[in-house]
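Report on one structure; see the data block that follows.
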Amino acid sequence: MKPFSWRFIRMWQRDRDVFLRLWHAEAPGFVAEPIMILLAMGLGLGAYVGMVDGQRYIEFIAPGIIASYAMFSASFECTYGSFWRMEHQRTYDAIIATPLSVEDVVAGEIFWGATRSLITGSVILVVATVFQLVSSPWALLIPLLSFLAGIMFSSIAILFTSLVPSFYSFNYFFTLFITPMFFFSGVFFPLSSFPEIVQTISWIAPLTPVVHLTRALFWGEFHLNLLLALALIIVLTFFFFSISLVTMKRRLNI
Amino acid sequence: MAIILTQNLTKKFKGLLAVDDVNLEIEEGECFGLLGPNGAGKTSLIRMIIAVSPPTEGNIWVLDKDLAVYPRQVKAILGVVPQLDNLDDDLRVFQNLTTFARYFAIPKKEAYRRSTELLRLFQLEDKHNSRIRELSGGMKRRLLLARGLINQPKIIILDEPTIGLDPQARHLVWQKLGELKAQGITQLICTQNMEEAATICDRVAIMHQGRILTQDSPQALVSRYVGDEVLEIEANSGSRGKIIEELTSCGLDFVDAGDMIQVFHVSRDELARTMVNFPERLRQRPATLEDVFFRLTGRTLAE
Ligand SMILES: Nc1ncnc2c1ncn2[C@@H]1O[C@H](COP(=O)(O)OP(=O)(O)OP(=O)(O)O)[C@@H](O)[C@H]1O
Ligand SMILES: [Mg+2]
């Protein structure tokens, strides 16, 4: 494996420029939808659910929504978005004929995906603040966490992208991986309400530690297990990041 | 000094041998053409030279740098015009150039200056802010050419640069390539257009089934493989056999091209002196690179 260089920033800038031109077309996905879910579930369902873990339901799910939509943003960007650039537009082909290497391109895409997570996480956090759901100044660190989680989810997504033959393959990725995590990583109910086996699986799913950490920062309540969660995120990130550099190189440099 | 040197360069795709033991020496400042039928391996060869495709075997040196060791340094001085359009559809025309300039770490102000000038040069100024999909095929090719020059390359590598261009645009490109050559910029061009090769290339190599069959200046190739003139004999099925028999017995160099028989390395007068039954329906025309191409790669489709 070869490492990437500072030139990855060129790829990141390219994606940023495109986003700045087109963001309004995408805004419903990363702004309107999470806010709708937060309010509909939080206020609507919350009226029946009452208190969870000593919190109002809307306060309980808000950090989970931040974590999951950070995941969605990175995952969409580095699956459909990246695949489109790679296969349909041949943008990668053009760029690897410049001083950028495949590794730089992949790293640029991953950090851009993470930037999307950061933007999404921040937008929802602001909305949550406006609704006076945030109870701790530690919440200011949430965008940073969203960024870190974004690196992890982008790496996983682009790894998948580097291996699949067609657009349709992403159905598997979202139906079998992303969506289950959304429902079984403790976003909407505490993990303890699931049977033992689901709890165990859930602990390995990459979204779970992100939800726990986001919730801790959101409420300002910490415990030792969170260090484990952070360590898990970092390990998974390194793992998927490095493999995706290799698999993408194999796919592009043929 | 060879500015591009390849040694035993080979590329295999699974079972398929796309480039087979190619040794090229491209001199600094020359315009080198790569000719060959579809599937000959031209694009595969070029993709190795621009460092986006690793050779299965063999080595490449560009400006005395081993490409396997210094791909970045080499890519920084190459200008590449690919066969397939890979413009960035997410960006407008001008932004395509400035964004590309950024990949080469060209400062913003300079990038704007060069992009403006290149758009003017390729007569695309009024498309400055257009979307890529609003451009015609020929305009896209011109933009690709402009993009290939954004880093003021020492070597430009063009894969079918004028395919799909109208005659005006084609001449514009040839003229521009001529100017670049005058500035000492080395050019490696893949083309199917024999007129193009004969007009702008100092030397050409003919590639077939992954191998380089021959290389030299276009004139030298023509006189070596065809001679100055080609005699084309129209022969019906009745006379054909006899003519072929006589040409063979006279030891003449000819090809049975189906609708006619082509005779090479001989003038009309010489033929008249040699043959007893001089064919009446005979046409004489100057030999071209296309004749060389056909002689070496055959008349039928390779695949
Ligand atoms: N990525 C690839 N995977 C498998 N085979 C390939 C790949 N790229 C090219 N080939 C094969 O290699 C051979 C040479 O192809 P190449 O594109 O180099 O030909 P070419 O001379 O550029 O042809 P053309 O004039 O049609 O552009 C062909 O048989 C082609 O099918
Ligand atoms: Mg080709």
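Model, not experiment: these values are computed from the prediction.
Chain A forms more heavy-atom pairs under 4.5 Å with one residue of B/Asp89, B/Ile132, B/Leu87 than with any other, namely B/Asp89. Between chain A and the residues B/Gln73, B/Lys75, B/Lys11, the largest count of heavy-atom pairs under 4.5 Å involves B/Lys75. Per-residue counts of heavy-atom pairs under 4.5 Å with chain A were compared for B/Asp85, B/Asp88, B/Val80; the largest is that of B/Asp88. With chain B as the partner, the residue from A/Asp104, A/Ile95, A/Asp93 showing the most heavy-atom pairs under 4.5 Å is A/Ile95. Contact count against chain B (heavy-atom pairs under 4.5 Å) is highest for A/Ile96 among A/Thr91, A/Ile96, A/Ile9.
Annotation: cation-pi pair A/Arg85/A/Tyr92 absent, no NZ/CZ under 6.0 Å from the ring centroid and within 45° of its normal.
For B/Lys176 and B/Glu179, the salt-bridge test passes: some basic side-chain N is under 4.0 Å from an acidic carboxylate O. No salt bridge links B/Arg131 with B/Asp90; every basic N to acidic carboxylate O contact stays at or beyond 4.0 Å. Looking at A/Arg14 and A/Glu109, no side-chain N of the basic residue comes within less than 4.0 Å of a carboxylate O on the acidic one, giving no salt bridge.
Under the 6.0 Å cut-off for aromatic ring centres, A/Phe240 and A/Phe153 do not qualify, their centroids lying 6.0 Å or more apart. A/Tyr69 has its ring centre less than 6.0 Å from the ring centre of A/Phe72.
Contact annotation for residues 49-57 of chain B against chain A (heavy-atom separation below 4.5 Å, listed by residue number): B/Ile50, B/Val52, B/Ser53, B/Pro54.
In this structure, the side chain of A/Ser154 does not engage the main chain of A/Ile151 through any donor-acceptor pair within 3.5 Å.
Of the atoms belonging to A/Leu252, it is backbone heavy atoms, and not side-chain ones, that fall under 4.5 Å from chain B.
A heavy-atom distance below 4.5 Å is not found between the side chains of A/Phe241 and A/Ile158.
Heavy atoms from other residues, nucleotides or ligands lying under 6.0 Å from NZ of B/Lys140 number more than 12.
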